[in-house]
Structures are given as structure tokens and as C-alpha cells.
2 protein chains.
Amino acid sequence: MTKAPTVYDVAADAGVSIATVSRVLRRPEDVRASTRERVMDSVRDLGYVPSGSARGLAARRTGALGLYFPGFDAMDDMGELSDLLADASPSYSFVDDVGAAPESHQFNLYFDEVLRGAELEAWRRGFALTVAVGRGGLAADAARDMAGRVDGLLVLAQSVPDAALEQLARRIPIVVLASAAHSGAFDSVTVSNHEGMHALTAHVIDDLGIRDIAYVAGPLDSPDDNDRWAGFESALLERGMDPGRVRLRRGEFTRASGRLAGAYLLASDAMPKAVICANDQMGLGVLDALNEAGIRVPQEVVVTGFDGIEAANLSSPRLTTVHQPMELVGRAAIQLMQRRLDDPEAEPASIRLPVKVLLRESSEGS
Amino acid sequence: MTKAPTVYDVAADAGVSIATVSRVLRRPEDVRASTRERVMDSVRDLGYVPSGSARGLAARRTGALGLYFPGFDAMDDMGELSDLLADASPSYSFVDDVGAAPESHQFNLYFDEVLRGAELEAWRRGFALTVAVGRGGLAADAARDMAGRVDGLLVLAQSVPDAALEQLARRIPIVVLASAAHSGAFDSVTVSNHEGMHALTAHVIDDLGIRDIAYVAGPLDSPDDNDRWAGFESALLERGMDPGRVRLRRGEFTRASGRLAGAYLLASDAMPKAVICANDQMGLGVLDALNEAGIRVPQEVVVTGFDGIEAANLSSPRLTTVHQPMELVGRAAIQLMQRRLDDPEAEPASIRLPVKVLLRESSEGS
DNA sequence: CTGAAAGCGCTAACAA
DNA sequence: TTGTTAGCGCTTTCAG
């Protein structure tokens, strides 16, 4: 790390001007082959690495896109680095984990997959991807900082205050994920929550012939939850059923709250023939409660989830669910961003991605 | 997106010099309160967002760290954006998923968790995190591009050719993840693969009293696999057992290859009393094979994995395994980076993180 | 095809 | 405490 070589060093070494060095790197075909090779040799010899900052400043584009998410749960603090370096801790330990059943936070999975899709698509288009996860009340600041270093920002719905978002939008393009709310102002990507739940509900009623249904909803302030309920509701209404008479439990989108909901239903006079849950975690929780009570799924009760997380595929019975293409959400968002970067004047567009109803053992059983 | 305001605009609006604007943003306490407020008002009014590039260029630090990983599996191509915008596709579809059992790629999980840890720790220290996943042969180029835009680079072992890495190291600090190979030259973070496997093996032999053991290894070129085998081997040697006589199967770290290994063992004359696998995926595959054959685990055969992925916690029976703290790997790497940034002359350090042997139903059963 | 020169927007001495 | 003034390293006309 002596002193990073610059265009000047390369130019001097190759006996050309800095403009030529720049050209060789950006538009090689505009430079005579012999010159180009001379420059490339110098680049290699000196170990030249172009400064992203300088390039970004001069070209007025950073070549990076940003992905901003609201925060995860708080995490355990880890030991200080000094301890680790001192090798003070044992290199392994035993844990009696028999009977345990830790819960992974659903939000992480969502983030992971969206990120993966965004990263892939960004890479294919030659962008770097910078990620940030907001914590506490500094969302606006963090987002602003990020906005200063990227060419465009992908933001998960509700992770940044609206006012701040509009401010940022004056500087760089914004694409909002998982929210049609802003659809007038921003490009956005959503999934067919409503349609998916509607289709699943219709299947349960029409194909399985079940009309005695309980619904396990999520938090009131979740747009996803609202959309899903609306899809459920409309399916009932279309069939002349009264949504108001459905046994409704509200959970926190967690497995624990699903288990609670399941317990509640078990304690009631009669179990419904189907329990439709607003997400997989809660569906798995209901499954837990039912399994423990010895109720057979799906013979006695059908259970369904929503999201299509991996765990829903590993439960017994495997959980029927509606899969949302999280990875595609990330990819589509980048595509939208590219479009806007290419044509800043385009009308704000909204992509709604299709979902897949995955019929599995928790509803289709013998 | 009319025209992004700059320090000059803010300065003019607030009636101060650009230096003062800069100060208000960087070291607010060096500016008189009244002035500071005047500037802040202008910042707000104009919607000023500092340019990361300009800042990075002038300060010679970008405030970002990079995380570079080797590529995932190829991904399906998605429809073109135009199709999605045209809303040509149905908003949902049904899939008969009964009996299916898709496999998720273990590597993704690893990446996700390391990333999460790195992001958290970076954020706490005021760094942005830029991620890149290498594909194909362009690893060196991608890494170089990244190196130009960050203050330090975290690189997963073997994701970048050694020669390229050394070149980059002349420009910015490098921290290598999951490899002690480079330990002389770079800061690095590893986990106690050897010790973990050793401890697990010792448990099987000493506590469970099993000496008839089969081993399912991973690919030959995996450093992780080598370390784990070495741990296994040493445990045997210490007890006067001959590793050469162990039934050894080599898999691809995938569930499918584990299932194959299981089938092979089933077809042999006599099943061993324990099958120790070099990772969880293969352990789960072995479990699959045994379950299908009606062999009781752990009563007839004990099965163990390595990694501690979520799926190993959801299988039946739940898989005994050695958990590696992937999230901590990410966090520790950032801590090491910080240390080097603070003191470029420090000796290269290597952190080895402890693992946890998780004893679960696949080994501890009644 | 190549060179000269003018910035890009900000930070950091150094003065005042 | 605040202003002046150099650059930071690169891209990009515009000439030649």
C-alpha cells in the first residue's frame, strides 16, 4: 500500500497522455491497437486500479445502485475483537439441543432473496450493489448518505419516511419494493398478494369443498396482510359467504403467534375444516399446535400459509402456500431502475409479479 | 431531478463559504450554533445530498467496504421487463407440489449470513457495504472494479485468483474469509473446522460408544472438507483406530449426493453404527435414504452433519451437527478490517471463531 | 488517433 | 470561528 498509481503514473509509464489512458479503459476501440497494448502493459505493471470516486465525480455516475431495507431484529453483541484475537475462548463447545426449536425471522429470508435477485441483475448490467439496512430512527440519514453514492436507489416500502423519499427522488431515481401505495410517484414492484390469496381460498372452497374456514391474519399495519385479507374476503363474497362470520385470529407473522392461534382454535367448540394463514410462519405455528394435539392434517383440518419460505417445504406435513417470487422482485426492481436511468422522463411504472399457489400435503392429503 | 444542489448552492443560500458548509456536515461542533442552523436550514430547503464521489475523492476515503463472493449457481432467466410491464402474464398459477422436495443451495445460506453479519458491523462503524458476487472468469476484473470504490475488501477464500489479490492488496487492505491459507499475508477469519469435527467424533466414539463409523466427505478441493476430515482423522488416531479402514464416501456437499452415499451404505453388507458427514446437506441426504429404508435413527444408526443450517434443525429426526457462526464470520471480518484501517502497519492477524456441537435427535435418541 | 485543458463537488490545510 | 485556495483522479469536449 505504498501509494496507489494514478492515470498520471500510467500515462508517464506508457508515454502517452492521461486522456489516452482513460480512453483505453473506457472505449478501447477508439485507440490504436499498439498504443492500447502499451497502456495495458503499464496498467498491469503498475497494478493500476482506477479510483471509483474520481471516475464517479468526473462522469457524474457512480456505476452503483443502492438497496435500502428496514432493520432486522436486534442482534446479540459479540465479544470484542481483542478477545477473539487473544484466542481466549475455547474453539468449540457442546450444546444439548435436543427438543429445541429456534425460530428464524421471516424478514431475513425475504431480504436475502430480494438481495440475491437484485445483486444478480445489477451485476449483469454492470452495476455494483450497495446495501444498507436501516436501524432505529436514522433511516432518513442513512438513506440520504446512500443516495449520495449511487445512481439509483431501491427502497423497501415503508423503510424510509415519505418526506425523505421525495427529497431523494429529486436527486436520483427511486424504485419502491412491495408497495403499490406510491405507485403514482415512483416506479414500483409488487406481488399479486390479493390474487394469490383469492385463488388459494377459491381452491379450498370450490375444490376441497370446505366452507368452514378460520383465518389467521397478520399485523394490522402490514400492507401485505391487508392485500391478502382482501383477496380472501373477495373469494368468500363471490360465493355468497359472509367474511364477518369467519373465525379470525390476528398474529404477528411469527411461528409462535401461529401456535397460539392454533391453540385458540383447538380450545373452541369445534375446529374449522380449514385454517388459512396470512403467512407461512403462522401456518407452521398452527401446524405445530395441531400436531401436538394429534389432529390430522389435512384429513381433519386443512392448513395453508403464504410466502413460500423454505421451512414451509420441510414441515410435516409440507405446507400448502402461495409462493411469492422474492428473487424476481429484486431483479424486476433493477430492471425498472435501468429503464428509468435510460429514460428519466418515462411514466412511473409498476410491475406486479405473479405468485404460485403451491398445493402440498397440508391441504391435498389423502 | 432537475439539478442536484451542491455545496456552492447551499453556501450561497446560507450566506457562508463552502468550507463552512463542509464543516457543518463533518464536524458540526467546530461551527457556531447560529451559523450551523442557518446552514442546516439551507440544506433542508434545497434538499442537498452530498456527493459521495466528490467526498471520496477529496478525502481519499470512500466510507464503503466491499464484500466479494464467488458465484452462485446459474439462475433461471426471467421474462423481459417489457412483458412484465405489459402485464401479459397471469397474476397467479397453481402448482401441484405434492411429493416434491427441492434442494436449496447451501452456499447461498452461507453467503446470506456472512453478509448479514458484515452489514451489521459495517453499519455500526459508519461504513456502507458494497457486495459483488463473481461469475465466470471475470472475478479478477470485478474485484478490481470493486477495489477502486471501497476502503477495504472482504474476500471469500478462493473467489479471487491469488495474483490478483496481491495486486489489490497494494492498494487497499484485504481480509480473507474462511481460509487460513493466506494467513501469512492477509488478515483472515476462519472457523474451527478441525476442532469441531474432532470434538463431534470424540463424542460419538467416547460417549456413544460407537467405533463402527462411516464418513461422507465433500469435494477434494474444499479446504473446509480437508480441515474437517483432519479433525475426524485425528480423533480416530488418538484412540488407536485406523482411519484407513473407515468406510469413506465422497459427495458434492449436496443433499442428493448424501442420499446416494446413504444408499451405498445400505447396499453394503452391514450398516455402520454411525455416519459422520462433512456437511449438513449430505447428512440430510443420508437421513433421507435411511428413512426411506426404514432404518431407525439414531437407534440403529447415528447420523451427523456440519454447518448448522436451518434445514438441519427441521428434519426428522433433527440432525446433530456442528454449527459454524457464519454471521460472526462477517462481523469479525469487519472488525479486523477496522483494525487494519486504523493501523495499517499492524501484523496480519487471524481470527478463528469457535463452533458449537449441537447434539440433537439424530445422535442422542432414546 | 491523440493531447491539452477545463472542470466534476468536496475536503483540508492555511490564513485571516 | 470562518474564508481562501489547492488539489483529489478521472472524463470529456475541443483542437490538432
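Labels below follow one simple rule: chain letters A, B, ... track the order of the sequence lines, proteins then strands, and each chain is numbered from 1. Being a predicted model, the structure only gives us computed values, none of them experimental.
- Between the CG atom of A:D41 and the CD atom of A:E37 there is a distance of 7.0 Å, given to the nearest 0.5 Å.
- Within the structure, every side-chain polar atom (N or O) of A:R32 is placed at least 4.0 Å from both OP1 and OP2 of C:dC1.
- Under the 4.0 Å criterion applied to side-chain N and carboxylate O atoms, B:R125 and B:E121 are assigned as salt-bridge partners.
- What separates OH of A:Y8 from P of C:dG3 is a distance of 14 Å, to the nearest Å.
- A donor N or O paired with an acceptor N or O is found under 3.5 Å between the base of C:dG3 and the side-chain atoms of A:R23.
- Among the atoms of the strands shown, none is found under 4.0 Å from any heavy atom of B:S53.
- Rounded to a whole Å, the CG atom of B:D30 is 13 Å from the P atom of C:dA13.
- Not a single donor-acceptor pair under 3.5 Å links the side chain of A:R144 to the backbone N or O of B:V49.
- Using modelled atom types, one side-chain atom of A:R149 and one backbone atom of B:T62 make a donor-acceptor pair closer than 3.5 Å.
- A donor and an acceptor atom, one from each side chain of B:S188 and B:S350, are located under 3.5 Å apart.
- Within the nucleic acid shown, A:V16 comes within 4.0 Å of sugar-phosphate atoms alone, with no base atom in reach, counting heavy atoms only.
- Within the structure, a side-chain polar atom (N or O) of A:T35 is placed less than 4.0 Å from OP1 or OP2 of C:dT2.
- The line from CZ of A:R55 to CG of B:L57 is 13.0 Å long, rounded to the nearest 0.5 Å.
- Nucleic acid contact for A:I18: base, since at least one base atom lies under 4.0 Å from a heavy atom of the residue.
- Atom CD of A:E119 sits about 11.0 Å away from atom OG1 of B:T130, to the nearest 0.5 Å.
- Atom CZ of B:R26 is separated from atom P of C:dA13 by 14 Å (rounded to the nearest Å).
- Neither OP1 nor OP2 of C:dT2 sits under 4.0 Å from any side-chain N or O of A:S17.
- The outermost nucleotides of DNA chain D lying under 4.0 Å from heavy atoms of chain A, listed 5' to 3', are D:dG9 to D:dT13.
- Rounded to whole Å, the distance from CG on A:L57 to P on C:dA6 is 17 Å.
- Using a 4.0 Å heavy-atom criterion, one finds that B:T20 contacts the sugar-phosphate atoms exclusively.
- Between the CZ atom of A:R27 and the P atom of C:dT2 there is a distance of 13 Å, rounded to whole Å.
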